[in-house]
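As structure tokens, the structure follows; a few thoughts come after it.
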Amino acid sequence: DVKVTQSSRYLVKRTGEKVFLECVQDMDHENMFWYRQDPGLGLRLIYFSYDVKMKEKGDIPEGYSVSREKKERFSLILESASTNQTSMYLCASRQGEQYFGPGTRLTVT
Amino acid sequence: GQSLEQPSEVTAVEGAIVQINCTYQTSGFYGLSWYQQHDGGAPTFLSYNALDGLEETGRFSSFLSRSDSYGYLLLQELQMKDSASYFCAVREDTGRRALTFGSGTRLQVQP
């Protein structure tokens, strides 16, 4: 069974803090993705990576960066968290079918 | 750019059949996927169509018409546990490796 895990289910941070969201997959997938999910907007792609140290911007990369130092790990970084980044963040990996992690609900106050 | 349209909400009763439609506009098209997401849970894969026609998996079927840029998910013999959000997603045959998702259809199954 493919497993995609995320470091936290719930996170509360203050405006201006640097936030790290970690994602790990155990199936040696090349492709990994970060989405955010907001009511009525579906899943929007923030960044994706198709190999170690490779990254590409998705549809809404502003305010985010990513890091992929190892194949199994893909990190999302909020350099200076803002209240409009309060959301559900979903990590996924894919080789054929796409598998999602359980999500991190981030609240920025 | 890419866009997918699906109804925001559908209501049906237990035992009934429901169809959730999805129309898409993309730069290139490789296939259409469907995902189910229960409240508080992660999206899980249901089905994938790359070719025209119907794919059946138990009570769920998915249809694709590439010429019409249209697909649907058909759920038969509805059960209460089918209450969830359903997302269609397009995989493109361009360099974009990520799926593009619709905004989701919330299905409520009533007794």
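Atoms considered below: every heavy atom in the structure, side chains included; atoms not considered: hydrogens, waters and symmetry mates. A note on names: the letters A, B, ... follow the listed sequences, proteins ahead of strands, and every chain is numbered from 1.
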Nearest non-hydrogen partners of A:G40 and B:S103, listed with the distance: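 Here A:G40 and B:S103 meet closest at O-CB, 3.7 Å.
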Measure across A:F48 and B:A98 and return the closest heavy-atom pair with its distance rounded to 0.1 Å. CD2-CB, 4.4 Å
Given heavy-atom pairs under 4.5 angstrom as the criterion, report whether the side chain, backbone, both or neither of A:R9 touches chain B. side chain
Are the side chains of B:Q37 and A:F100 in contact, using a 4.5 Å heavy-atom criterion?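 In short, these two side chains do not touch, never coming nearer than 4.5 Å.
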Single-linkage hydrophobic cluster, 4.5 Å side-chain cutoff, [X] and [Y] together:
X     : Y      : answer
A:I46 : A:V108 : yes
A:V12 : A:Y10  : no
A:Y50 : A:F74  : no
A:V66 : A:Y64  : yes
B:I20 : B:V90  : yes

Within 6.0 Å of [atom1] in [X], more than 12 heavy atoms from elsewhere:
X      : atom1 : value
B:E77  : CD    : no
A:K55  : NZ    : no
B:E5   : CD    : no
A:R105 : CZ    : no

Mind checking the [atom1]-[atom2] spacing from [X] to [Y]? Nearest 0.5 Å is all I need.
X      : Y     : atom1 : atom2 : value
B:L99  : A:E97 : CG    : CD    : 10.5 Å
B:S85  : A:L43 : OG    : CG    : 10.0 Å
B:F101 : A:L90 : CZ    : CG    : 9.0 Å

Answer key: most heavy-atom pairs under 4.5 Å with chain B among A:L41, A:D38, A:N31 is A:N31
Residue by residue, scan residues 40-72 of chain B and write down, ordered by number, those that have a heavy-atom distance under 4.5 Å to chain A; if none do, write 'none'. B:G40, B:A42, B:P43, B:F45
